[in-house]
Protein chains: 2
Amino acid sequence: MERPADDLTARARIRDAAIRLFGERGIEGASIRDIAAEAGVSSGLVRHHFGSKEALREACDRYAKERMLQIGAELTQDHDLTGLDPLALHPVAFPLQLYIVRSMMDGSETATALFLEGVDAVEEWTTSFGINPKDRRGYAAALAAIKLSVFVFRDQVSKALGEDITTPAGYNRIGQALMEVFTIPLLTQEQVDNMRKQEK
Amino acid sequence: MERPADDLTARARIRDAAIRLFGERGIEGASIRDIAAEAGVSSGLVRHHFGSKEALREACDRYAKERMLQIGAELTQDHDLTGLDPLALHPVAFPLQLYIVRSMMDGSETATALFLEGVDAVEEWTTSFGINPKDRRGYAAALAAIKLSVFVFRDQVSKALGEDITTPAGYNRIGQALMEVFTIPLLTQEQVDNMRKQEK
DNA sequence: GGCTTGACTACACGATCGTGTAGTAGTTTG
DNA sequence: CAAACTACTACACGATCGTGTAGTCAAGCC
C-alpha cells in the first residue's frame, strides 16, 4: 500500500501533494505552483491533468472521501465507538483527514456529505448499542463533531498537554481522556432538567 | 454596547471589519482592500493605522481575546459547565469566536494562548466540582476542544439537523444534545479498562 | 514511414496581492 | 500666524496568483 513516490504516476503525485498542501495551508494558502513543485512537475501539468484549481480541489475531495471510506472499511474489525478513531493516526489517513476538515471549513459539499454520513453511522450505532437519547439525531451530530474536535485542535491540545498527540503515546493519552469524558457523567439527569426549565 | 457603525472611529471599524472577514474567509482569503471596503475607508488607511497585514492580525488577536474575556466576565453568573457556552451565540461574541478559531487554525500564538487558558479554567472547574479523572489535564483539554467543536462544525451540524444551530432554537437543541453526551455514560469503566489493555 | 495522441514544459497574459510614496485637509501647538 | 502633527486618499511598485498558448517528446496506430 505504501509505495515510494517514484512509483506513482505524475497525476497521483500532484493529487497527493495537493491534499497535503491544501490540508496544511488551506485552499487559498497553497498555490498551483507550490503543489507542482511539491509533486516535482511543472505547474502547467497540474492544469493539464485537472483543468483548474477548483477542479483539482473537487478531485481531491472525491479521492479523499473514497480513500477514507476504503481505509475505514479495512479497519472495521473494532465496531465500538473508538473503532473509527485509529483512522486519525493512520499514516495514510492523517493527511486525508486533515484535508477533509479543511475542506469542510471552506464549505466543500463533498466534505460536508462525509460528515453527514458519519452522523448517520453514529446514529445507527446508538440504536444498535441500546443508547436512547431524547434527541437521537442531535446526539449523533454532537458526537460526530466531538470525534473531529481533538483532531482539529491537535496543535492546541498538544500544547496543553506538553505532548504531541499525533504520536502514538500522545494519541493514546488524549484517547483515554476522551474515554473518560464518555464514562464520567458530568451532570445528573436532574441538573439537565433544571437547565432545560431555565432556558425556556 | 451596540453602537451604529458611524459612531465608531475609522480604526475601530477597520478592526471590526478585519475580524469579520478574517473569521469568515480566513487570513489569506481576506485582502486588505476587502477589509478597507468593508470598513468604508481607503486601503492606505488600513496600513496607516496598523502598519501591515500581519500587524493588523495581531491587533485583531489582542482585541478579540480581551473582548472575549470581558464579555465572558459579564456573563459569569452561571458558573456551571454550560455557563461559557452562551458566548457562542452572543451577538458580539459570535464573530469574535469565529475569528479566534480561524486564528487558532492558522497558528496564532495569542489564540492558542486563549485555548490554554480555557483548559486551565476547565481544569480548575473539575477540581472544584469534585470530578476526578485519572488524567485531569487530558480530560480538561478534551473538554475544551469539545466545547469548540460544535462551533467549528456549525454548518455541518446544522445541515445534519436540518436546523440552523446559530439561531436560539437550534442552539438550544444542540446544547441539550451535548448535555446528554455528558449525562449518558457511553462506556462502562470495565470497557475502558479492557481497551486500555488492548492498546498496550 | 507518417500521424495522431497524450504527457509534459516554457512562457506570457491580466488580475490581484501587500506594500511603498506622495500629497491633501484639518486640527493642534508653539 | 506658522509649523507640526494626524487622519486620510490616490497612485504606482514588484511579486505572485490562476490561467492561457505554443511547442517538445515519446508511444501507439494506420
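By convention in this document, chain letters (A, B, ...) are assigned in the order of the sequence lines, proteins followed by strands, and residues within each chain are numbered from 1. On a predicted model such as this, the values are computed, not experimentally measured, just so you know.
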Using the salt bridge (Lys or Arg N to Asp or Glu O under 4.0 Å) rule, take Asp61(B) and Arg102(B) through it: C-alpha gap first, then chi angles, then the decisive distance, then the call. CA-CA 11 Å; Asp61(B) 274 359; Arg102(B) 270 282 191 179; over 6 Å; no
In whole angstrom, what separates Phe22(A)'s CZ from dC17(D)'s C1'? 13 Å
Quickly work out the Ile14(B) CD1 to dT9(D) P distance and round it to whole Å. 8 Å
Given atom CG of Leu45(B) and atom P of dG26(C), what is their separation to the nearest angstrom? 16 Å
Per the under-4.0 Å heavy-atom filter, residues of residues 30-41 of chain A near DNA chain D come out as Ala30(A), Ser31(A), Ile32(A), Arg33(A)
Length of the NZ-C1' vector between Lys53(A) and dC17(D), whole Å: 8 Å
Sub-4.5 Å side-chain heavy-atom contact between Ile146(B) and Phe182(B): yes
Sorted by first residue and then second, give each salt bridge (charged side-chain N to carboxylate O under 4.0 Å, His left out) pair with at least one member in residues 35-45 of chain A; sequence neighbours left out. Arg20(A)-Glu38(A)
Given atom CG of Leu56(B) and atom C1' of dC17(C), what is their separation to the nearest angstrom? 15 Å
In this structure, are over 12 heavy atoms from other groups packed under 6.0 Å from Glu117(A) atom CD? yes
Arg11(A) or Ile27(B), whichever maps to the more 5' nucleotide of DNA chain C: Arg11(A)
What is the distance, to the nearest angstrom, from the NE2 atom on His48(A) to the C1' atom on dA7(C)? 5 Å
Are any of His49(B)'s side-chain N or O atoms less than 4.0 Å away from OP1 or OP2 of dT6(D)? no
Can you classify the ring geometry of Phe153(B) versus Phe115(A) as parallel (below 30°), tilted (30 to 60°) or perpendicular (above 60°)? parallel
Go through it in stages, so that I can follow the logic: the residues are Arg25(B) and Glu28(A), the test is salt bridge (Lys or Arg N to Asp or Glu O under 4.0 Å), and I'd like the CA-CA distance, side-chain angles, deciding distance and then a yes or no. CA-CA 9 Å; Arg25(B) 311 179 190 173; Glu28(A) 305 267 358; over 6 Å; no
In whole angstrom, give the distance that lies between atom CD of Glu54(B) and atom P of dC17(C). 18 Å
Can you check the Phe50(A) CZ to dT19(D) P distance for me, whole Å? 14 Å
